[in-house]
Each structure stands twice: as structure tokens, then as C-alpha cells.
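Start at 1 and go down the list; that is how both ligands and their atoms are numbered. This structure is a prediction, so every number in the text was calculated from the model and none was measured.
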Amino acid sequence: MAGTKKTETVKESTKKTAVKKETAKKETGAKKAIKRIGVLTSGGDAPGMNAAIRAVVRTGIAYGMEVVGVRRGFSGLIDEDFVELTSKSVADTIQKGGTFLYTARCPEMLTKEGQDKAAENCRKHGIEGLIVIGGDGSYRGAQSLAARGINVIGVPGTIDLDIACTEYTIGFDTAVNTAMEAIDNIRDTSTSQERCSIIEVMGRHAGFIALWCGIANGAEAVLSTEMYNYEEQKLIGDIQTKRKSGRKHYIIVNAEGIGDSEGMAKRIEYATGMPTTATNLGYMQRGGSPTCKDRVFASAMGAKAVDILHNGGNQRVVAFKHGQFVDYDMEEALAMKKSLDPFLVDMLSKLTRKGEGRILQREGMLPVNTESKGRKTIGILTSGGDAPGMNAAIRAVVRSAIGYNMKVIGFYRGFNGLIEKDYIEMSNSTMSETVQKGGTLLLAADSPEFKTEEGIAKAVETIKELGIDALVVIGATGTMRGGMELIQRGVNVIGIPATVDNDVACTEYTIGYDTAINTAMSAIDKVRDTSASHERCSIIEVAGYRSGHNALWAGIATGAEEILTPEFYDNDQQAIISEIISKKKLGKRLHLIINSEAVGKSGSLAKNIEFATGLETRATILGLIQGGGRPTCQDRVYASAMGGKAVEAINAGSKNRIVAYCNGEFVDFDMEKALRMTKQPDSYLYEMSKKLARS
Ligand code: F6P
């Protein structure tokens with residue numbers, strides 16, 4: 001692939017989505033290389049399945065394999081409904097919802113006859129390895145084939161997130177965003193009409209979608225099999241209490257495992273007198289164009305499944321665990337158990353139960369958290385560039401702090417607010433209706449004055465004057481450096497990483513990044529549509545400051561031919577031009593280049609390409625558009641978790657920490673040490689992006 005630095009110059013990232021090399025060791029050995037593989041999607045469809053199939057096909061072809069698509073899951077295997085897949089046949093699929101191979105639930109596969117027939121057809125068509133994209137039920141079908149000599153690999157595909165061996169399943173991210181947006185809409189009308197709304201979400205027996213939406217939508221109650229004990233009278237009592245304290249609406253997210261939303265609505269309306277409606281979101285949650293995470297992770301999992309087959313693996317399930325793509329023995333994976341993340345469940349209760357905090361506490365309706373370690377005062381500010389999800393973090397800080405009987409003072413415009421004593425005492429009601437809003441209600445700004453001794457001294461003076469025990473600073477690396485200035489002067493500072501660039505070294509995730517990459521991806525999808533219709537080369541420049549995280553993810557998610565990042569691009573324009581010329585000769589109509597703002601010069605690159613290739617070439621710079629918009633579900637949930645984690649650290653007496661998300665967990669590091677860490681975009685994903693771009 002053109003325009004890339006040699007691999008030996010690519011440094012490893014601190015967060016390595018490394019493929020475990022020991023993968024399927026026990027199966028590796030004398031086995032001959034697999035030449036022909038099949039792929040099918042089974043059970044409920046999930047957005048991102050097409051991205052996984054595409055990755056299977058293109059990775060397989062890169063290994064010299066033939067790839068057969070099996071239509072309608074195991075039914076297609078039994079009925080010999082096969083289609084040969086080429087690199088071209090999976091073009092233009094990554095952005096599409098559903099599965100172009102169709103899917104089905106196949107009762108015949110539960111019978112011996114069905115299983116025999118399916119295995120026989122694999123042999124008849126030379127399919128030596130089969131990749132099954134679906135859930136637990138699908139893996140059981142796969143195991144029956146393995147027992148008949150077919151190599152099988154499972155890839156977790158379900159919107160329910162209920163596959164035990166993995167923290168990620170294909171489609172969940174899209175489904176929670178779809179549900180969350182629908183609930184946002186219902187909430188608007190629910191507030192205007194002062195209604196109680198029950199929204200039923202999917203998830204079969206599991207409450208993952210309900211939990212995430214509960215946090216992301218600021219629901220008053222979340223009912224799922226794991227969290228609800230059917231005490232409807234208690235729920236009714238809570239609605240009545242909150243109504244008394246002035247609450248305008250009451251949102252209940254109800255998991256399908258509990259169900260009966262219509263009946264519940266009638267009973268609540270009868271008991272409380274509050275108009276109550278039920279909405280079942282149903283199948284809308286399963287459709288739609290996949291999110292950026294679903295496209296990137298599904299691609300990585302599809303590619304990994306083929307790697308495993310290539311290395312002689314059999315009966316493995318691909319998973320994402322502790323920040324890495326790994327794989328497990330299928331039998332072991334099926335025996336694993338999974339529950340809701342206790343930290344997120346706790347966070348949910350802190351954010352919902354204390355909806356009216358002090359009013360309820362004053363009236364004796366809500367106990368003050370007894371674990372509270374004395375009445376502390378905390379300050380909070382957002383600094384530097386704003387990022388979607390900052391409000392969710394502020395809300396979580398405020399509400400969990402109030403739960404611990406702490407006082408919270410919000411400073412406007414970052415460190416300027418400290419210098420100018422521009423602040424507000426925050427209450428639970430200050431934070432109402434904020435979780436879904438972009439930007440930051442505390443405003444964010446750079447502060448040239450804070451770079452001077454005098455400015456810093458004024459800030460310290462304000463902190464002392466207001467008796468602030470700990471200051472929460474939300475922002476990027478520059479903000480954390482500002483925090484260090486205060487730490488050096490004896491202030492206790494707790495950092496929360498927030499930037500659309502995802503370039504804070506100690507954490508795999510920064511608040512705002514998920515929204516930014518989805519905004520970029522949707523914009524690029526549009527550019528891609530028009531470019532393909534017109535035959536054009538398009539260069540889209542995305543945010544990232546000095547890093548290429550945005551470009552890499554947006555590039556993978558949109559199937560870009562070239563991804564130019566400051567870390568991996570060696571400025572070889574001639575190589576890009578030669579590649580475009582050769583692909584044009586092969587009849588390729590679309591050439592998509594995702595450029596990072598740190599590489600820049602998209603306009604001149606466009607001119608050079610157009611001049612050298614004769615192909616119309618346009619540059620689009622997304623600029624500030626990536627910083628705005630309503631935060632995605634992940635940004636709301638993770639920002640809330642980080643806000644809660646920061647308050648926990650303060651309550652526990654920790655000093656000078658930065659909250660981070662690492663290896664699937666919310667953790668915290670010493671601020672000074674964290675600022676010495678380094679980070680680069682994931683080199684594994686970068687290498688994969690090259691394999692998946694059609695040659
Ligand atoms: O497993 C995905 C899922 O959408 C569940 O959330 C839901 O319970 C089920 O599938 C619905 O299944 P079907 O498509 O067979 O109606």
C-alpha cells in the first residue's frame with residue numbers, strides 16, 4: 001500500500017490491540033493450509049455484520065483462500081445456498097446495516113439429520129473452515145459441525161451484548177445509540193407534556209441495552225432482570241415522590257426481559273394520576289448503518305477469525321477482553337457467565353436515585369451516603385477545546401458528590417473562572433437536562449493568564465478562599481499540565497481526560513472521541529456516496545491535533561483506500577498517485593483518502609493528485625464540525641463513569657490522580673506519571689486497514 005512508513009518504524013502503541021500470538025497454539029502444527037473457507041451470519045442480525053463479512057473475505061483473499069458466503073445461516077448450509085465472494089463483492093457494504101448474507105434461526109440444525117447434511121455440504125463444496133457470526137446458539141450449531149470434522153470459528157454478533165466471553169459484540173454499539181436517540185426524542189415530548197414514559201428496549205433476557213440507555217438518557221428508573229425485583233409499588237412511590245419535588249417527567253427504561261410495558265403504564269397512570277405511555281422500540285434497534293465502533297471492531301474480529309483458521313485454529317470464539325482482541329476455546333466460552341458491570345450499575349443508581357438530591361435528603365426521603373468521608377468542597381472546570389460528553393461528566397461529578405454530601409462549585413471558562421472568581425454553586429437541578437447536550441455548560445477556553453505566575457497565584461487564592469478540597473479538571477493534556485501547576489502549589493487536582501483527539505496518553509478513551517469519529521464517519525459516508533457516483537478522488541481531513549486516532553478509525557470505518565496519519569505516513573505523495581493510477585486502470589471509480597489535520601495540506605495534495613492522474617480530486621476539511629453534536633451513547637456512559645470515578649477518588653482521599661479507561665476498566669493514575677506516558681494509534685488496526693482496503 002502506498003504512502004506508509006516501513007513497519008519497523010512503526011512504534012507499538014501503549015494500548016496494544018495486539019493479537020495474542022499464542023492463539024490456538026494447540027491446534028497449530030502439521031496441518032495443511034486451509035484453501036477454502038465459508039462464512040455465515042446466524043440468529044438475529046446485527047449492524048456491523050457486513051463489516052465482519054467484508055473483513056473475512058478480504059483477509060481470506062490476502063491469505064490466498066477462496067471464500068464462500070453461506071446465505072440464511074445454517075439453513076443455507078443445509079440447502080446449499082452458497083455464493084462465491086470476491087474482494088469486489090464486498091465493496092460498498094461496510095456502511096450497511098443488516099447482513100447481505102441474510103440470517104435465520106434454523107431449527108433443523110438442532111437435529112442430527114440437519115447437522116449431518118450441513119457437514120456433508122461443507123465437504124461437498126470444499127469448505128474446510130467455517131466462520132460463524134452470531135451468538136451462543138449459533139456456536140452450538142458450529143460445534144456440531146466441528147464434531148463432524150469441519151474447522152469452525154465463532155465471531156460474536158448480537159445487539160444484546162450477552163455473549164459471556166467478550167466485552168464487545170457486533171451491533172451493540174449501534175443498537176444502544178439507536179435506542180438512546182429514540183429515548184432522547186421521547187424524553188423531549190415527555191417533559192413538555194409532564195408525562196411518565198416507559199420505553200421498552202431489546203436485549204432478550206439481558207439488561208445491557210437497558211443499563212446503557214438508562215445512564216445515557218438520564219432515566220429515572222431502569223428495569224431489567226438483573227436489577228428489578230418487580231416491586232411496582234416502590235416504583236409508583238418513587239414516581240409520586242419525584243412528582244412532589246417538581247420533577248416534570250419520569251423516564252423508565254424497561255428491558256424486554258421484564259416486558260409488560262403497556263400493562264405497567266396503565267397501572268402507573270391509575271396509581272399516580274400521571275399520564276403514562278409505553279413505547280416498545282422493537283426492531284428499529286436492530287437496523288441502521290453501523291456506528292464507527294461497530295465497523296472497526298467487527299472488521300478486526302472478522303480479520304482475526306481468518307487469522308485463527310490460517311494458523312490452524314479450530315473451535316475458537318473471537319472476543320474482546322481487557323482491551324485486546326483475543327480468542328477462547330468454544331466449549332469454555334459457552335460455559336462462561338456474564339453479568340452487568342457492577343461499576344456501571346452503581347453509577348446508574350448514583351445518577352438516577354439522587355435525582356432531586358438535597359430536596360429529598362432534606363425531606364428525609366433520601367439518605368445521605370453514609371460512606372461519605374466528611375463534608376468536602378470540590379471545584380470543577382472544563383478547559384481547552386470542548387468535547388461532547390463533558391456535560392455528562394460534570395453531571396456525574398455533581399450528582400455523585402452531592403450523594404456523598406459534598407459541595408460542588410463550577411468554574412466558568414476553564415482556569416479563567418478560577419482567576420476571575422467566576423463560578424456557580426452546582427446543584428442537582430443545575431444538571432437537569434444536560435446529559436444529552438453537546439459542548440459544556442461550564443464553557444471551555446484556553447487561559448493565557450493561567451500561563452503567568454500572577455494568574456496561577458490568583459487561581460490558588462480562589463481555591464483557598466472557597467475552601468476547595470479537590471479540583472476536578474476536565475480536558476486534554478494541556479488541561480492536565482495546567483492541573484500540574486496547581487498540584488505543585490499544593491492543590492489536590494483530579495483530571496478527567498476529554499478531547500475529540502483521543503491523544504491523552506494514559507487512557508484508551510477520552511470523552512468526546514466516540515462522538516467525533518461517528519460525526520466524521522457519517523460525513524465521509526456522504527462524501528463517499530457522491531464520489532462513487534461521480535468517479536472522483538476525495539480527500540477528507542479530520543481532527544486529531546497532532547495525532548492520527550481520528551483518521552485511523554474514520555478511515556477503517558469508511559473503507560478508505562489511504563489513511564494518512566502523522567505517525568505512519570511518510571509524505572510519499574508519488575506512491576499515492578501511482579496507486580490511484582493503477583487502481584483506476586482496474587476500473588475503480590472511488591478513491592477515498594482520510595487525512596489527519598496534523599498531516600494537513602489536503603488542498604495541495606488534491607491539486608497534485610488531480611494534475612498527475614487526471615481524476616477530479618476534492619478536499620473536504622471537517623474542522624470544528626467534529627467537536628459538536630449530541631454525545632453518543634458511549635460518550636455519555638463513559639463520561640458518566642469517569643465523573644463518578646473522580647468523585648470516588650476524592651472521597652477515598654486520593655490526591656493528584658487522572659481517571660482513565662484501560663484494558664476494559666475505569667482506573668486512575670498518578671497525574672505526574674500519566675503525563676510522562678506516550679501513546680500512538682494502534683499499529684495492529686493500521687496494518688489491518690491496509691489489508692481491508694480493496695486492492
Ligand atoms: O438477539 C437479538 C434480538 O434482537 C433480541 O434482542 C430479541 O429478543 C430477539 O433477537 C428477537 O428475535 P427475533 O428476530 O427472532 O424476533
Side-chain angles (χ1 to χ4, degrees), residues 40-53 71-76 96-110 132-142 154-183 198-214 216 222-228 253-262 278-291 293-294 297-298 301 317 319 333-334 336-340 633:
L40 61 80
T41 46
S42 164
D45 53 291
M49 281 183 161
N50 286 327
I53 301 167
R71 293 201 190 94
R72 298 183 181 80
F74 291 109
S75 310
K96 291 185 180 143
T99 156
F100 75 88
L101 285 178
Y102 307 102
T103 179
R105 306 200 192 270
C106 177
E108 225 185 318
M109 197 60 190
L110 299 173
V132 174
I133 307 171
D136 288 351
S138 312
Y139 304 154
R140 293 213 172 83
V155 173
T158 168
I159 63 164
D160 301 338
L161 196 67
D162 60 351
I163 300 176
C165 67
T166 180
E167 288 156 11
Y168 164 84
T169 62
I170 296 171
F172 174 73
D173 193 59
T174 309
V176 282
N177 276 289
T178 306
M180 178 196 78
E181 280 165 22
I183 300 172
I198 305 173
I199 300 109
E200 191 167 316
V201 296
M202 273 190 166
R204 205 182 286 271
H205 308 297
F208 295 96
I209 298 180
L211 171 64
W212 277 57
C213 287
V222 179
L223 316 181
S224 82
T225 49
E226 304 90 339
M227 294 186 284
Y228 182 52
V253 177
N254 186 26
E256 78 168 307
I258 301 290
D260 185 32
S261 299
E262 290 281 349
T279 309
N280 189 342
L281 297 185
Y283 289 97
M284 70 174 290
Q285 291 160 95
R286 253 179 30 194
S289 180
T291 56
K293 182 173 181 178
D294 270 330
F297 273 40
M301 286 186 155
V317 178
L334 281 168
M336 290 179 189
K337 296 268 173 289
K338 182 176 188 180
S339 51
L340 299 178
C633 195

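- Atoms of ligand 1 lying under 4.0 Å from any heavy atom of Thr158, numbered from 1 in the order shown and given with element: 1 (O).
- The cationic atom of Lys293 (NZ for Lys, CZ for Arg) does not lie both less than 6.0 Å from the six-membered ring centre of Tyr168 and within 45° of the ring axis.
- When Glu256, Gln285, His205, Arg286 are ranked by how near their heavy atoms come to atom 8 (O) of ligand 1, first place goes to Glu256.
- If you check which protein heavy atom lies closest to atom 2 (C) of ligand 1, you get Asp160 OD2, 3.3 Å.
- Annotation: side chain of Ile258 is not in contact with side chain of Asp260 (no heavy-atom distance under 4.5 Å).
- Looking from atom 12 (O) of ligand 1 to the surrounding protein, the closest heavy atom is Arg105 NH2, 2.9 Å.
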task = Apply side-chain hydrogen bond (donor to acceptor under 3.5 Å, both in side chains) to Thr291 and Asn177, showing your working.
result = CA-CA 8 Å; Thr291 56; Asn177 276 289; 5.1 Å; no
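- Residue-ligand proximity, Met202 to ligand 1, at heavy-atom distances under 4.0 Å covers atoms 4 (O), 6 (O).
- Residues Gly43 and Arg105 approach most closely at CA-NH1, 3.5 Å, considering heavy atoms.
- Scanning the protein heavy atoms around atom 16 (O) of ligand 1, the nearest turns out to be Tyr283 OH, 2.2 Å.
- A cation-pi geometry, defined here as NZ or CZ lying under 6.0 Å from the six-membered ring centre and within 45° of its normal, does not hold between Arg71 and Tyr102.
- Atoms of ligand 1 lying under 4.0 Å from any heavy atom of Gly203, numbered from 1 in the order shown and given with element: 6 (O).
- Closest approach of Ala46 to Gly171, counting heavy atoms only: CB-CA, 4.0 Å.
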